[in-house]
Amino acid sequence: MASGGVPGGQRSGSHHQDLLLELEESQPTYSSGRPPPINDDDLMREYEEDHAYPRASTSYDDFIGGRGGSSGRGAGLPGGPGPPSMSPYPQSGGHGAYSQTSGLNNYQRYSDLDDFPDDGQSAHDYYNSGGAVDDHPPPVGGKPRNRNSVMSMGGGLVGRAKNMLGMAPEYSEMDLPLTEAGARTSDHPGAGAGDQAKGREKRFSRGKFRFGFGRGKVDPSTLGPRIIYLNNPPANSVGKYLDNHISTAKYNAATFLPKFLFEQFSKYANLFFLFTAVLQQIPNISPTNQFTTIGPLIVVLLVSATKELIEDYKRKTSDGSLNHSKARILKGSNFEPTKWVNVAVGDIVRVESEEPFPADLVLLASSEPEGLCYIETANLDGETNLKIKQAIPETANLVSPSELSRLSGRLRSEQPNSSLYTYEATLTMAAGGGEKELPLAPDQLLLRGATLRNTPWIHGIVVFTGHETKLMRNATATPIKRTAVERMVNIQILMLVSILVGLSLISSIGDLIVRSTASSKLQYLFIANTNVGKQFISDIFTYWVLYSNLVPISLFVTIEIVKYYHAFLINSDLDIYYDKTDTAAICRTSSLVEELGQIEFIFSDKTGTLTCNVMEFKQCSIGGIQYADEIPEDRRATVQDGMEVGLHDFNRLRENSKTHPTKDAIHHFLALLATCHTVIPERKDEKPGEIKYQAASPDEGALVEGAVLLGYKFTARKPRSVIITVDGQDYEYELLAVCEFNSTRKRMSTIFRCPDGKIRCYCKGADTVILERLAPDNPIVEATLQHLEEYASDGLRTLCLAMREIPEQEYEQWSRIFEKASTTVSGNRAEELDKAAEVIERNLYLLGATAIEDRLQDGVPDTIHVLQQAGVKVWVLTGDRQETAINIGMSCKLISEDMSLLIVNEESLEATRDNLSKKLNAIRGQKDGGIELETMALVIDGRSLTYALEKEMEKMFLDLAVMCKAVICCRVSPLQKALVVKLVKRHLKAILLAVGDGANDVSMIQAAHVGVGISGVEGLQAARSADVAIGQFRYLRKLLLVHGAWSYQRISKVILYSFYKNIAFFSGEVIYESWTLSFYNVFFTVFPPLVMGIFDQFISARLLDRYPQLYQLGQKGVFFKMHSFFSWILNGFYHSLLLYFASEFIWLWDLPQSDGKVAGHWVWGTALYTAVLATVLGKAALVTNIWTKYTVLAIPGSMIIWMIFIPLYGTVAPKLGFSTDAKRMYFPQTYHHIQEIQKYNIQDYRPRMEQFQKAIRKVRQVQRMRKQRGYAFSQADESQTRMLQAYDTTKGRGKYGEMTSGRTKGALGEGLRRV
C-alpha cells in the first residue's frame, strides 16, 4: 500500500507502470523509526522561514497514525511511539503557526480563515517560543483587524448583495491550496507578498458580518493560547466561550427575512412581477387595476415563506433533540445529569461506554489500566477500527469524583481550529509545593463526533464546545441549492420577458406612428400636443403591464406546492420505511425532488452506508477441508472420485477435532484464533459468566467469537500470558513475544510457550505474505488456494493461518535479537523489529484460512446492479484500506470477477502522473481498436488521489475515471471526498448524488447536487445535513427510479403547461375585466397543474422499477428540453391567435341584442375568457396520463366553478362598486411502449434472459482467477504490545470500576521509556 513507502520516494517495482492493469502490486520500501532527538536550536532553525528546506510529502494514511515518513511510524501521533510533541517532519521548512494536513507541502494555518495576517504576538509566537505567553497581549480589533469594509468585499453587485445578506460562502478546508505550488503562492513570503496580503484583506466571511452593523468577530485561532481553569467556572466564564449549542438551520429570527427575500427575488419571475406591480402603482400607466399583480405576488411569497419556515422548523427540532441529549457534569463531588447544551468549557464530564462525546475533551482518566480508552471515529474519518487514547500518568489515577473535585490548576490549550489530527496544550498542576507543566498531545484529545467503545467510563475536561469543536469547524453552512430545472426556467422566463419587451417596443412605436399620421382623425382623444419621448416611455410601461400575463405569476408557487407534496409522498412511503429502527424517509429539502430523477453519478461512503459494520465468522478451511456455519443444499460435502468435495458444517468440525487425521491442525488453528490477537475480555459483575470481547477492530472480534463458537473460549489475559478454556478445562499460554501487525507486514505473530511446554510461533495475515513464508513441504497449499478463490468470489474477507515449532536454542538466540531491536534508540526501531520478525517468521506450516463476512446492508448488491442498469455510475469513497475496499466492492457487486482493476497506488507526483497517463493512453488505444470498455474498475488510494487532484492532473484523472464502470477511492479524507465530488461537478454537466451516514460525509453530501443521509449507527450528523434522509441504502432504488422519475416528469409537465395556459390567455388588448384577469392564474387554472403535478403517473411504480432503463429519460432531460418549451409556447400562441380572431369575427358588429343594446366589449371578453378556459382545461385533460377523483374535481370542476362564478360576480360586483396528440403515433418515445405494456398487461419474457446472463457470469467467475484479494485484518498501526501488557483481567475492578495496570512499576517505567 501507499502508506508503507518512503514519503516522497520512488516506488520499487516501477516497471509495473508499463502495464495497463496492475493486478499485483510490488511491496513498497518500508522505512520508519523514530528520529533522533532534536534540540531547541535545531527546532528554531527548522521553523525559520529563511531556511525553507524541501520536504517529502506524506499521505493522509501516514499522517493520521501510520508511519510519519522519515520521522518514524506514528511519531507524535495518537498511538504512535515517540514523544507526542515531536514534529513528524524534522526536515521541513514550514512556519510554526501551521499544521500539516494534506501531505503535499501544504502547511495549513490553525486559523480557519486566511484573512488574518500573522502578527508577532499571535499563536505563531506562542507555539514557536515553546509556549511562552506574553503577559501583555496586544489589543484585539483595531484598524488592521477590520476586514468588513463594504468597499473591500469584491465580487461585483451580486457578490456584495450576498455578503450583505449573510450568504457569503462559509469557510471550508476545501478553499485551501492542496498543492505545493498553491501553498507557496498563498503562504510563502517573498515576491508578491504585499499583493497577497492585500488579497487576504479583501476576503470576506459572513460569519463576521451582521448586515452592516457591529464590528467584525476576531478569528480565535489568531489569538494566544486558550487558558482553561480546572474546577473554576467563574474564571472560565470570563473567556466568554461559545456555548455547546449546535444549529444546522438555514435561518434565524434576524436572517430569515433578508435571506428569504434574496432567495425569492433571485428568481427572475418574482423580480418581473415586483417590477410590474411597481409600474401599476404609477397613475395613467397601468391599463388594469393597481392591485392585480401585487396581491397575487404577496400570496405567492407568503406560501413560499410558510414552506421555508416549516422545513427550517424541522431542522431546528432535529437540532434540539441533539442539543438536549444527556451528559454528566462534575458539580461538587458528584456527577450530575445535564443537557449537552449546558456543557461549558472547563467542565469535567463523565462519558460512559457506547456514548458519544458531547464536546472536545482532554482525557483525564478512564476505567482501564494506565488511563487507556477505546474510541470509534467512524463518524469523523470513516475508520471502523477502534483507536486507543491514553491519559497522561499524572491524571490517570483520578478515578473518583472526590479526587476530581480537588483538582486544581490550569490548562493552556491551542485555540479552536479545524485540524482533526493535531493538538497542542499543556496542563499545569500543583506538584511538590510548586507547579509542574505537563504536555498534552492528540493522544489525550477526544473529539465530538467520536464514540466511546469497550470502556466503561472516562473522565475528561471540556476544551472546545459547540461550533468551536473540531468537527463543527470542518462543517460548512447549509448551502442553498438550485436545481437544473429551476435554472432553465429562469432562462425561459428571460426569453418570455424578451418577447414581452419586443412586443412592447413594437406596440409603442406603432402608437407613435398612429399619433403622428392620424392625429387629425383622433381629435376626440386630445393627442395633438404629445411629447414623443415621454409618450414612448409611457407606452412601453403601459404595454409591459398589458402583456405581463405572458409570464405565469402562479408558476413558482405552484411548483413549490407540488414539490412540497412530493416530499410528503416520499416521507409517507411505507416501502422506504425501516421498521427495525422506526426510521421513515425524511425529505428535508423539497426544492430538489426533481433532481432525484436526473442523477448520473452516485458517490457513496462504505462503512455504515453499504455495510452494517458487523463482521461474522462464516467459513474456514483447515487441513484442506472446508467448514461453514450455514451450508446451501447444493454445496454440501459429497464424495466424488474417492475425494470429499463441498462444505462440512461446524458440527463435523467438532467431531474431526477428536478423531480425524487433521485433529492436530484443527487444534492449533483454533488455538491460534483464541490466542493470537489484541482482544481484551471484559466481565460484568451482574453477569459474571458472560464475557464481552473488547476488540480494536471488528475483524479480530469476529475471529475470537468464531473460536468461541467452535469450543475454544478466550477467558483471561495477563501481561505475560493468555488463558483459554477448551472442554471445560483452562489452558495457559505463556506470551513470550509479539511481532506487531502493520499495513506493510500485513501479518501478526505471537510466540507462546504452550501448555505442553513447546515454543510455537502462531502467525496470521494476508495470503500473499503467509504463502511466501511457508516451508516447502506443505501439502494443503493448493487446496487452500482454491478455497481462498471461492471465498473471494463470494466477497468474503480472507486470512491465512500458519505456525511452526521453535527449538529452545533457536528461540534463545532470536530473543536476544528481538530484545536488542526493541531497545534501539537510533531512530529506526520499527525497522529493526521488522527485520527481527522476518528471522522467526519462516518455514511456517499452513494450518488453513478463515473467511469473514463484512455484512452488507440488505439489498445493496441488487440496488447497485439496478442503478447501473439505469445508467447511474456508482463511486465508493471510503477511509478504509485498499484490500477492504476491493473486497466490499466485490461483495456488493460494484466490481465483478470479469472486470479489470486499474490500481493507482503511487507515492509521488511524477509516479502518479505516469501511471494515470499510461493507463489512459492504453485505454484510448483499446477504444480505437474497438475493445469493450465497460469492464474496468478504477481503484485509487488517498495519497495518489491527492496528487491526482492537482490542477494539471485532475482532468486526466477524471477522463480515466469516467471510462470505468466503477470507481473506488480508498484511504480518503473527508476533504478529499468533497473535492472529488466538486471535480466531477465542475467538469461534467451531470447531476450528482452523495450518500453517507457519518459526520465525515457531510462535506461530500453538501458538495453534491443532492445529498442523501443514512440514519445509521454512526449518528445523525449526515442525516441532519442531507437533503433527504433514509434508513437503508437499498431505499435509493425506489427513491430515484420511482419518486425521482415521477417528480421530474410531473414538474416538467407543470412548468410547460403553466407557460402554455398563460400564452393561450394572452391578448394584445384590454379584453378581460381586471379582477377576472387576476383570478385566471390564482383561481380558475391553478388546480389542474397542481393535480397533474401531485397525482399524475406516466408509468406505474411497478414498471418503473421493472425497467430501470426508463430512468435515462430523466438523465437525458427528455421531458424538459428547450425545444419542448418552444413547442408548448408556439402551441399556446397558435391557440391564442385562433381564439382571438374567431371571437373577433363573431363579435365584429357587436352583436345587437333584442332590446336594442349591443353586447359590446365585456360580453365579448367574457365569452372569449370562457373559450380560453375551456381550451386550456381541455389541454390539461389530454396530457393527463392517469385520472383520479382529484383530476375530475380539478379539470371539469374548474370549468363549473367559472360558470357559477361569472353570473354571481357580474351581478354583485357592480352593486358593490367593485368593478366599473400526433407525436405519439409517428415519433413514439421509449416510455410510450411501456405505457402500452402497462395498459394491456403484456407478458415480459426478460427473466429467462436474465437467468441465462447470470449463468454466463458465473462461468466467467470460475474461469477467471482473482488477482486482488483483501484480507480480514484491519488492526490499527498502534503499539499493540503496550496495550497487551497493561491488562490483567484476572484481577477485579476497583470501587469506581477502574482496572489497575497489570504491569509492575519497573515494567511500566521500561514500557514508558520504550514508547
Side-chain angles (χ1 to χ4, degrees), residues 250 263 266-267 307-308 311 478-492 555-556 558-571 573 576 585-604 867 870-875 978 981-982 984-986 988-996 1004-1013 1025-1030 1035-1056 1093-1094 1098 1104 1108 1110-1122 1124-1125:
K250 288 172 63 176
E263 185 176 354
S266 65
K267 300 172 182 176
K307 169 186 161 294
E308 288 289 326
E311 291 188 348
T478 304
I480 296 176
K481 299 180 180 180
R482 294 190 177 90
T483 68
V485 170
E486 186 177 330
R487 289 192 293 271
M488 185 175 286
V489 168
N490 271 339
I491 294 173
Q492 292 169 350
L555 173 61
F556 281 104
T558 302
I559 293 174
E560 294 286 349
I561 295 173
V562 167
K563 289 182 176 182
Y564 181 81
Y565 271 94
H566 285 182
F568 174 77
L569 293 175
I570 291 172
N571 298 347
D573 192 343
I576 51 180
I586 302 175
C587 186
R588 299 180 180 275
T589 311
S590 61
S591 58
L592 302 176
V593 288
E594 77 271 19
E595 293 209 324
L596 291 171
Q598 298 176 277
I599 303 299
E600 294 185 50
F601 288 86
I602 291 179
F603 299 88
S604 174
L867 289 174
V872 179
K873 291 192 173 184
V874 182
W875 292 21
V981 174
K982 284 179 171 285
V984 180
K985 188 177 181 180
R986 188 167 60 248
L988 300 180
K989 293 182 179 180
I991 307 298
L992 316 180
L993 181 146
V995 55
M1004 172 180 72
I1005 285 172
Q1006 293 184 340
H1009 294 99
V1010 181
V1012 175
S1025 303
D1027 304 306
V1028 184
I1030 55 179
Y1035 297 152
L1036 273 181
R1037 179 172 177 172
K1038 186 171 187 183
L1039 185 67
L1040 300 187
L1041 300 188
V1042 178
H1043 288 290
W1046 278 348
S1047 295
Y1048 169 66
Q1049 191 269 343
R1050 289 167 174 171
I1051 289 172
S1052 299
K1053 184 180 288 186
V1054 165
I1055 294 171
L1056 295 173
I1094 296 171
F1098 75 109
L1104 282 172
L1110 288 172
Y1111 189 76
Q1112 296 178 19
L1113 295 173
Q1115 293 174 335
K1116 297 174 182 176
V1118 169
F1119 297 115
F1120 198 64
K1121 289 183 178 292
M1122 194 60 75
S1124 302
F1125 166 75

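All heavy atoms count here, side chains included; hydrogens, waters and symmetry mates do not.
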**Prompt:** Nearest 0.5 Å, what's the CG-CZ distance between L993 and F601?
**Reply:** 12.5 Å
**Complete:** Shortest non-hydrogen pair, R588 vs A1029, comes out as NE-CB, 4.4 Å
**Prompt:** Would you say the side chain of I1051 lies within less than 4.5 Å of the side chain of V593, judging by non-hydrogen atoms?
**Reply:** yes
**Request:** Show your reasoning for whether side-chain contact (heavy atoms from CB on, under 4.5 Å) applies to S1047 and L596.
**Result:** CA-CA 8 Å; S1047 295; L596 291 171; 6.0 Å; no
Distance-only check: which donor-acceptor pairs under 3.5 Å involve side-chain atoms of residues 1037-1046, not counting sequence neighbours?
residue: R1037; atom: NE; partner: D1105; partner atom: OD1; Å: 2.8
residue: R1037; atom: NH2; partner: D1105; partner atom: OD2; Å: 3.2
residue: K1038; atom: NZ; partner: D573; partner atom: OD1; Å: 3.4
residue: K1038; atom: NZ; partner: D573; partner atom: OD2; Å: 3.0
residue: K1038; atom: NZ; partner: D575; partner atom: OD2; Å: 2.7
residue: H1043; atom: NE2; partner: D573; partner atom: OD2; Å: 2.7
residue: W1046; atom: NE1; partner: I1099; partner atom: O; Å: 2.9

**Message:** Can you tell me which residue among Q598, E594, E595, H1009 is in a side chain to side chain donor-acceptor pair (under 3.5 Å) with T483?
**Reply:** E594
**Request:** Measure the spacing between CZ of F1125 and CD of Q492 and express it to the nearest 0.5 Å.
**Result:** 4.5 Å
**Closest non-hydrogen atom pair between S590 and A567, with its separation** = CB-CB, 3.6 Å
**Request:** Search all heavy atoms of V1028 against all heavy atoms of C587 and return the closest pair with its distance.
**Result:** CG2-SG, 4.1 Å
**Prompt:** Is the backbone N or O of S591 less than 3.5 Å from a side-chain atom of K563, with the two atoms forming a donor-acceptor pair by type?
**Reply:** yes
**Prompt:** Just by distance, do the side chain of Y1111 and the backbone of I599 share a donor-acceptor pair under 3.5 Å?
**Reply:** yes
**Request:** Compare all side-chain heavy atoms of I559 with those of V485 and state whether any distance is below 4.5 angstrom.
**Result:** no
**Asked** Do the non-hydrogen side-chain atoms of V489 and F1120 ever get within less than 4.5 Å of each other?
**Response** yes
**Message:** side-chain contact (heavy atoms from CB on, under 4.5 Å) for V872 and Q1115? Distances and angles first, verdict last.
**Reply:** CA-CA 9 Å; V872 179; Q1115 293 174 335; 3.5 Å; yes
**Message:** What's the separation between atom CD1 in I491 and atom CD in E486, rounded to the nearest 0.5 Å?
**Reply:** 11.5 Å
**Request:** Could you label the plane-to-plane angle of the Y1048 and F1119 rings as parallel, tilted or perpendicular, counting under 30° as parallel and over 60° as perpendicular?
**Result:** tilted
**Prompt:** If every non-hydrogen atom of I991 is compared with every non-hydrogen atom of A484, which pair is closest and at what distance?
**Reply:** CD1-CB, 4.1 Å
**Message:** Return the OH to CD1 distance between Y564 and I1094, rounded to the nearest 0.5 Å.
**Reply:** 11.5 Å
**Request:** Work out which heavy atom in L992 is nearest to a heavy atom in V981; give both atom names and the distance.
**Result:** CD1-O, 3.5 Å
**Request:** Supply the atom-to-atom distance L555 CG to E560 CD, rounded to the nearest 0.5 angstrom.
**Result:** 10.0 Å
**Asked** Out of curiosity, L867 CG to I602 CD1, how far, rounded to the nearest 0.5 Å?
**Response** 4.5 Å
